[in-house]
Each structure stands twice: as C-alpha cells, then as structure tokens.
Asker: 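So that we are looking at the same thing, I have put the structure below in structure tokens.
Order of the sequence lines fixes the chain letters, A, B, ..., with proteins taken first and strands second; residue numbering starts at 1 for each chain.
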Number of protein chains: 2
Amino acid sequence: MIKIGELAKISGCSVQTIRHYEKEQLLAAKLRSDGNFRLYDHADIERLLFIKHCRSLDLSLAEIRQLLTLHHSPMSQCDDVNQMIEQHIEQVERRIADLTQLNKQLKALRLSCNSKRTVEHCGILKQLNEAVSQTN
Amino acid sequence: MIKIGELAKISGCSVQTIRHYEKEQLLAAKLRSDGNFRLYDHADIERLLFIKHCRSLDLSLAEIRQLLTLHHSPMSQCDDVNQMIEQHIEQVERRIADLTQLNKQLKALRLSCNSKRTVEHCGILKQLNEAVSQTN
DNA sequence: TATTGACTCTATAGTAACTACAGAGTTTAA
DNA sequence: TTAAACTCTGTAGTTACTATAGAGTCAATA
C-alpha cells in the first residue's frame, strides 16, 4: 500500500489531480491510514495509468468513466468500447477539419499585411472590419 | 440607440454573451436609459461584429482585447497585429499537428477491435492496459 | 521527548468562454 | 390597469485541472 505522494510519483499525475479524479469518481483509495491518509494498492496504480493513457488520447473524464465501467462489466462490452473510440475519432477528425479551415482563413488574413507596413490602414484590421460589413 | 436584445439579434450574439463581453472589458454601452437599460450605437454594433469575427477565428478574448486596443492606437500598430495573427497561426498549426497525431493513435487503437467481437478480451481495453504496462 | 520539515487532509477559489437561472425592476401593448 | 416581454445584477455551473490556506500526521533528528 502506498500513499498519494508515491502514487503521484509513479504515475506522473499530480497529487491534486489524483484527488480530483477521486472526486470525479474515477479512482478512489480503498483504505485510509489511521491518520486518514489515502492508501493505494497495485490495482489502483494500474487503474490510474489506464486513466492517464486515456487522457493522453484526449478522452474526457466522462468517457473514461464509461470505459472503466465497461472494463469491469460482463463480456458483452467490446462493441460499446469500439463505439466510443469511433465517436471519439469522429470528434477529433471534425476538430481537425475545423482547425484546418480556420488556418486557411488566418493565412488569408495574414496576407493582408504581408510586407506593407502601411500602418495607416492595417490590412488585417481592415479585413476584420470588412468582413464585418459583409456580415451585415 | 438600441437595447441589448436588438443588438443580440443584429449580431447573432446572445444577450448574456454581450453582458459577458462588457464584464471582460471588450464592449461597454456608453449610455443607459432612465430605466438603466444599456443603449448601443452603430459603432458598438460594428465593434461587436469585429469581436464576433475574431472569435470565429478562435482568437481568445485577451487577444481580441489587444487587437481592439491596437485598432485604436497610433499608426504603428500594423506589425503588432501581424505578430498576433502569426502567433495564432502557429498555435492553430500546433494544435492540428497534435490532433493529427492523436488521430493516428486512436485509429491504431481501433484496429485492436476491428472485427473480432471477442468480447472476452476486448482489444481496445487490452491495448490501453498494455500501454500501461509499457509505461511502467 | 521535543522539534522541525515533509507530507497529507479538506475546503475554497481560480482559469477560459460562455450559459443558465433567480428574483427584481422596466417597458410596452392591449 | 394588467400582463407579458424585456432588462438588470448576481450567482452558479460546465470541463480538467491548478493553486492556496489552514490544520493535522508522520518521520527523522537532536
């Protein structure tokens, strides 16, 4: 059994984050010392690293909570897990598409002020305003 | 002079968002009615649309505040504006790269549970756990 | 044993950009 | 006058952390 500081070291998560995960019902110490210190066993370490791995894949805490539930459910869980990952992939791909579009817009905007330095009418600010007029 | 509800309609921003922007010092009504209702003029409309446009480019409120300040500064502002947009482009590109990498990882993970439906050992969960072991 | 520094606890608050709701006041139309 | 729509300020919530405060526990050292 280890205390929270050791768990933090082993896992690379901060003490505060671990407490946060407990609050969010992702990982709870099964035991406390006489002094009320949280005590974690090896399964807890693995669980936290699982959570950390999922976080590195940008899965939300809610999604991770679900995965953990499925992980401890009957054998029929595989499709559910697959679906979650699929949905997550779709989200990520959508976000990539959005950002790519945004990047294009920003680059177009940047061209407005390429080499000019005609400070009286900054091309970028002008464009931002002109877009305004078009919106109207 | 128009009230906040009309401004919201014209701009496509919610009443609450407009109030939020006032609190964040992006846009403040210059006048209030006797009944203490905010009153906006045409310049305010344009300012809000400018803000909205910047938001659509994912610029933070802090960044937009800066742009607005530069917009009302002496002629030497063009380079500053350009720099801000450049930095923002870099951020966006970095984010795209991160998400693209993440997408790859997720797709690799998804292959673990491609057609199997061998629910006893879900490939995805297994991978998430195996990655854990590697981390250790 | 006493002391001290490190560790741990709970609680609270903050970050960013909204969004929702509550209760009270104002305005407008019937 | 009445009632509905609008507006106000204030408070709280969302997500995933992060920081701080004040108090308690533990372990090492003198």
Asker: Could you pull out the protein-nucleic contacts involving nucleotides 28-30 of chain C (nitrogen or oxygen on both sides, under 3.5 Å)?
Answerer:
none

Asker: Do I18(A) and Y40(A) have side chains that approach each other closer than 4.5 Å (heavy atoms only, starting at C-beta)?
Answerer: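 Counting from C-beta outward, I18(A) and Y40(A) do come under 4.5 Å.
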
Asker: May I have the list of side-chain donor-acceptor pairs in residues 19-27 of chain B shorter than 3.5 Å, sequence neighbours left out?
Answerer:
from	atom 1	to	atom 2	distance (Å)
E22(B)	OE1	R38(B)	NE	3.0
E22(B)	OE2	R38(B)	NH2	3.3

Asker: Who pairs with S14(B) by side-chain hydrogen bond (donor to acceptor under 3.5 Å, both in side chains), at least two apart in sequence or on another chain?
Answerer: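 With sequence neighbours excluded, S14(B) shows a side-chain hydrogen bond (donor to acceptor under 3.5 Å, both in side chains) to T17(B), given in chain and number order.
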
Asker: Can you tell me how far C1' of dA17(C) sits from CD1 of I18(B), to the nearest Å?
Answerer: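 Atom CD1 in I18(B) sits about 15 Å away from atom C1' in dA17(C).
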
Asker: Can you list, in residue-number order, the parts of residues 21-39 of chain A that come under 4.0 Å of DNA chain C, counting heavy atoms only?
Answerer: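 Correct list: R32(A), N36(A), F37(A), R38(A).
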
Asker: Using five pairs at either end of the helix from dT1(C)-dA30(D) to dA30(C)-dT1(D), determine the angle between the two local helix axes and round it to 10 degrees.
Answerer: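 Taking five pairs per end, the axes differ by 30°.
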
Asker: Kindly write out the residues that satisfy salt bridge (Lys or Arg N to Asp or Glu O under 4.0 Å) with E93(A), not counting sequence neighbours, or none if the list is empty.
Answerer: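 Testing E93(A) for salt bridge (Lys or Arg N to Asp or Glu O under 4.0 Å), a comparison that skips the adjacent residues, returns K107(B).
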
Asker: Counting only N and O atoms by type, is there a donor-acceptor contact under 3.5 Å from the side chain of H88(B) to the main-chain atoms of L57(B)?
Answerer: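 A pair under 3.5 Å: yes.
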
Asker: What residues form a side-chain hydrogen bond (donor to acceptor under 3.5 Å, both in side chains) with S60(B), not counting sequence neighbours?
Answerer: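 S60(B) satisfies side-chain hydrogen bond (donor to acceptor under 3.5 Å, both in side chains) with E63(B) only.
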
Asker: Which heavy-atom pair separates I85(A) from L109(B) by the least distance, and what is that distance?
Answerer: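 For I85(A) versus L109(B), the nearest heavy atoms are CD1-CD2, 4.1 Å.
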
Asker: Should R19(B) be listed as having a side-chain N or O under 4.0 Å from OP1 or OP2 of dT7(D)?
Answerer: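 Negative; the distance criterion is not met.
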
Asker: When you measure from the side chain of H20(B), which nucleotide among dA16(D), dC18(C), dC8(D) comes out closest?
Answerer: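 Nearest to the side-chain atoms of H20(B), counting from C-beta on, is dC18(C).
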
Asker: I'd like to check the side-chain contact (heavy atoms from CB on, under 4.5 Å) partners of S56(A); sequence neighbours left out, ordered by chain and number.
Answerer: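 Scan of S56(A) (side-chain contact (heavy atoms from CB on, under 4.5 Å), adjacent residues dropped) gives H53(A).
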
Asker: Compare all side-chain heavy atoms of L39(B) with those of K3(B) and state whether any distance is below 4.5 angstrom.
Answerer: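 Sidechains of K3(B) and L39(B): in contact.
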
Asker: In whole angstroms, how far is the P atom of dC17(D) from the CG atom of L59(A)?
Answerer: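 Going from CG in L59(A) over to P in dC17(D) covers 12 Å.
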
Asker: Between atom CD in Q16(B) and atom C1' in dA22(C), what is the gap in whole Å?
Answerer: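 Taking CD of Q16(B) and C1' of dA22(C), I get 12 Å after rounding.
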
Asker: Mind calculating the distance between CG (L48(A)) and P (dC17(D)) to the nearest angstrom?
Answerer: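 In whole Å, dC17(D) P lies 11 Å from L48(A) CG.
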
Asker: Any side-chain heavy atom of R55(B) within less than 4.5 Å of one from L61(B)?
Answerer: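 Yes, at least one pair of side-chain atoms sits under 4.5 Å.
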
Asker: Check this one for me: any side-chain N or O of T17(A) less than 4.0 Å away from OP1 or OP2 of dT18(D)?
Answerer: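 Indeed, a polar side-chain atom of T17(A) lies that close.
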
Asker: Whole-Å distance between dA16(D) C1' and I64(A) CD1?
Answerer: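 After rounding, the reported distance stands at 10 Å.
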
Asker: Can you tell me the distance, in whole Å, between the CD atom of Q91(A) and the C1' atom of dT15(D)?
Answerer: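 Nearest whole value for this atom pair: 14 Å.
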
Asker: Can you name the residues that form a side-chain contact (heavy atoms from CB on, under 4.5 Å) with A97(A), not counting sequence neighbours?
Answerer: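 Applying side-chain contact (heavy atoms from CB on, under 4.5 Å) to A97(A) gives none.
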
Asker: Return the set of residues passing salt bridge (Lys or Arg N to Asp or Glu O under 4.0 Å) with R95(B) (not counting sequence neighbours), or none when no residue passes.
Answerer: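 If we apply the salt bridge (Lys or Arg N to Asp or Glu O under 4.0 Å) test to R95(B), skipping adjacent residues, the hits are D58(A).
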
Asker: Could I get the full list of salt bridge (Lys or Arg N to Asp or Glu O under 4.0 Å) partners for D98(A), not counting sequence neighbours?
Answerer: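 None.
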
Asker: Compare the minimum distances between each of dC8(D), dT8(C), dC21(C) and the side chain of I4(B), then state the nucleotide with the smallest one.
Answerer: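 The nucleotide sitting nearest to the side chain is dC8(D).
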
Asker: Among dT7(D), dA17(C), dA16(D), find the nucleotide with the atom closest to the side chain of S60(A).
Answerer: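 Of the candidates, dA16(D) comes closest.
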
Asker: Rounded to the Å, how far apart are M1(A) CE and dT8(C) C1'?
Answerer: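 Distance check: M1(A) CE to dT8(C) C1' gives 16 Å.
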
Asker: If you define the side chain from C-beta out and look only at heavy atoms, does anything of I10(A) sit under 4.5 Å from L48(A)?
Answerer: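 I10(A) does not reach L48(A) side chain to side chain.
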
Asker: Tell me, which of residues 94-105 of chain B have any heavy atom that sits under 4.0 Å from an atom in DNA chain C?
Answerer: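 Per residue number, the list is empty: none.
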
Asker: Rounded to whole Å, please give me the gap between CD1 in I2(B) and C1' in dC6(D).
Answerer: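 For the pair I2(B) CD1 and dC6(D) C1', the rounded distance is 14 Å.
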
